[in-house]
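Have a look at the structure below before the remarks.
Everything quoted here is computed from the prediction, not taken from an experiment.
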Amino acid sequence: MNGLAIALRAISAAVLAAWMVVPAVAVDGKASIDLGENRIGVPPEDFDFEITGQGQPGQWTVVRDVTAIDGAAIEQSSTDPTENRFPLAIYRRLSLKNLEASARLRLIKGTMQTAGIAFRFVNADNYYVVSASALEERVNLFRVLAGKMERIGGTEADVVLNHWQMLGLVAQGDQFTVSLDNKWLFTVWDRTFSTDGRIGLWTEEDNVTRFDQFEIKALPWSEDR
């Protein structure tokens with residue numbers, strides 16, 4: 001076999017190997033947002049910014065925070081008090097049905113003192129969200145359908161203002177399990193949104209919140225539609 005044939009065979013093998021890896025990435029996709037690599041004072045990379053309801057868009061910025069894991073956090077700083085206004089920062093690189101997602105969040109100030117994680121995001125009017133409220137001392141799971149929020153389930157929880165807490169979610173088909181600070185809170189079921197969607201950060205009305213250690217992991221059966 002001459003040198004050209006050997007080279008062509010090697011290239012073909014490499015292309016085939018790369019092609020075979022693609023499904024594994026789609027099934028086992030994972031993202032851990034490294035805020036230490038983001039520039040301070042600008043919006044976080046790889047996010048799209050949306051809003052449910054009326055009012056001004058959210059102001060999403062990477063800020064220095066010595067209490068955050070990487071010394072930086074994503075902050076939503078808009079204090080527009082428009083009622084039923086929900087700013088979102090949606091991570092654009094993964095779209096999943098079945099997933100694990102978690103984020104450390106610190107509720108700083110605001111009337112509603114509420115923030116959380118949106119998932120199976122179709123558009124700004126249709127998605128699920130798990131929210132933590134220091135005002136109500138609750139964690140809830142809502143569906144946002146045609147722009148209207150409906151609570152699916154929830155429970156009382158020790159959500160504290162100005163304190164970092166880890167909010168977690170596991171979505172498997174129509175089953176959703178929610179945790180706070182790595183402790184199980186509740187499990188609920190719903191079939192409103194049963195296909196892939198993106199995942200992101202969510203706040204309510206005039207609430208200023210910082211987010212850190214935002215992680216997303218596809219479960220092995222996320223390829224099932």
Side-chain angles (χ1 to χ4, degrees), residues 30-52 56-80 85-94 96 99-121 124 127-135 138-142 144 157-171 178-182 185 197-217:
K30 182 168 61 175
S32 180
I33 313 305
D34 187 355
L35 297 176
E37 296 183 355
N38 279 249
R39 288 190 298 140
I40 301 298
V42 299
E45 298 176 358
D46 299 322
F47 284 83
D48 294 322
F49 306 104
E50 306 278 355
I51 185 169
T52 302
Q56 297 297 315
Q59 296 176 359
W60 298 90
T61 312
V62 178
V63 297
R64 294 195 187 281
D65 188 329
V66 296
T67 67
I69 297 297
D70 295 318
I74 298 174
E75 181 180 80
Q76 196 300 116
S77 59
S78 172
T79 56
D80 181 348
R85 167 185 172 270
F86 306 101
L88 300 111
I90 302 298
Y91 187 66
R92 67 169 68 106
R93 291 199 171 195
L94 288 176
L96 304 169
L99 63 124
E100 296 180 9
S102 61
R104 288 176 81 224
L105 58 83
R106 181 157 67 97
L107 302 163
I108 297 175
K109 64 178 181 179
T111 304
M112 303 308 294
Q113 302 175 16
T114 304
I117 302 170
F119 64 102
R120 292 192 189 168
F121 179 91
Y127 56 90
Y128 290 114
V129 60
V130 55
S131 72
S133 171
L135 179 66
R138 287 186 62 88
V139 172
N140 294 307
L141 193 141
F142 295 92
V144 180
D158 293 327
V159 183
V160 182
L161 199 64
N162 273 310
H163 179 70
W164 284 109
Q165 294 184 275
M166 180 71 77
L167 184 63
L169 162 80
V170 178
V178 175
S179 64
L180 183 69
D181 294 330
N182 299 312
L185 289 181
R198 290 189 292 162
I199 306 95
L201 309 173
W202 175 97
T203 65
E204 183 171 357
E205 298 181 8
D206 64 343
N207 191 71
V208 176
T209 305
R210 290 187 177 182
F211 296 88
D212 178 27
Q213 212 173 356
F214 182 34
E215 298 183 350
I216 306 164
K217 181 181 179 181

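- Every pair tested for salt bridge (Lys or Arg N to Asp or Glu O under 4.0 Å) that includes a residue from residues 111-120 fails, sequence neighbours excluded, so the list is empty.
- No donor-acceptor pair closer than 3.5 Å links the side chain of Asp80 to the backbone N or O of Pro57.
- Considering only heavy atoms from C-beta on, Tyr127 comes within 4.5 Å of Phe86 through its side chain.
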Task: CA sep, side-chain torsions, deciding dist, call: Leu169, Leu141, side-chain contact (heavy atoms from CB on, under 4.5 Å) - done: CA-CA 10 Å; Leu169 162 80; Leu141 193 141; 4.2 Å; yes
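- Contacts of Glu75 classified as salt bridge (charged side-chain N to carboxylate O under 4.0 Å, His left out), with partners at least two apart in sequence or in another chain: Arg210.
- Under a 3.5 Å cut-off, the side chain of Asn38 and the backbone N or O of Pro44 do not form any donor-acceptor pair.
- Partners of Ser78 according to the side chain to side chain donor-acceptor pair (under 3.5 Å) rule, which considers only residues two or more places apart in sequence or in another chain, are Arg85.
- Among residues two or more places apart in sequence or in another chain, the side chain to side chain donor-acceptor pair (under 3.5 Å) test is passed with Asp158 by none.
- The shortest heavy-atom contact between Asp206 and Thr79 is CB-O, 3.4 Å.
- In this structure, the side chain to side chain donor-acceptor pair (under 3.5 Å) partners of Thr209, at least two apart in sequence or on a different chain, are Asn207.
- If you take CZ on Arg93 and CD on Glu45, they are separated by 8.5 Å, rounding to the nearest 0.5 Å.
- Distance check: Leu185 CG to Asn140 CG gives 10.5 Å after rounding to the nearest 0.5 Å.
- Between Phe214 and Gly200 the shortest heavy-atom distance is CZ-CA, 4.0 Å.
- With sequence neighbours excluded, the residues forming a side chain to side chain contact (heavy atoms under 4.5 Å, CB included) with Asn162 are Arg106, Ile108, listed by chain and number.
- Here the straight-line distance linking atom OG of Ser32 with atom CD1 of Ile216 works out to 9.5 Å at 0.5 Å rounding.
- Qualifying ring-ring contact (aromatic ring centres under 6.0 Å, His included) partners for Phe142, counting only residues two or more places apart in sequence or in other chains: none.
- Taking CG of Leu96 as the reference point, atom CD1 of Ile199 lies at 4.5 Å (rounded to 0.5 Å).
- For Arg92, the side chain to side chain contact (heavy atoms under 4.5 Å, CB included) partners two or more places apart in sequence, or in a different chain, are Asp46, Asp48, Arg198.
- A 4.5 Å side-chain heavy-atom check between Phe211 and Thr203 finds at least one atom pair inside the cut-off.
- Atom CZ of Phe47 sits about 11.5 Å away from atom CG of Leu88, to the nearest 0.5 Å.
- Looking at every heavy atom in both residues, Asp65 comes nearest to Trp164 through OD2-CZ2, 3.6 Å.
- Under the 3.5 Å distance criterion, the side-chain polar atoms of Gln113 are left unmatched by any main-chain donor or acceptor of Leu161.
- Listed by chain and number, the residues in a side chain to side chain contact (heavy atoms under 4.5 Å, CB included) with Thr61 are Val63 (sequence neighbours excluded).
- Side-chain contact between Val139 and Val178 is present, with at least one heavy-atom pair separated by less than 4.5 Å.
- Smallest separation of non-hydrogen atoms from Ile33 and Asp70: O-OD2, 4.4 Å.
- Applying the side chain to side chain donor-acceptor pair (under 3.5 Å) rule to Thr114 yields the partners Ser133; only residues at least two apart in sequence or on another chain are considered.
- Scored by the side chain to side chain contact (heavy atoms under 4.5 Å, CB included) test, Met166 finds Ser102, Arg104, Asp181, Asn182, Gln213 as partners (sequence neighbours excluded).
- When the ring-ring contact (aromatic ring centres under 6.0 Å, His included) test is applied to Phe119, the partners found at least two apart in sequence or on another chain are Tyr128, Phe176.
- Ala132 and Leu107 make their closest contact through O-CD1, 3.9 Å (heavy atoms, listed as atom of the first residue, atom of the second, distance).
- Across all non-hydrogen atoms, the minimal contact from Ala68 to Ala73 is CB-CB, 4.4 Å.
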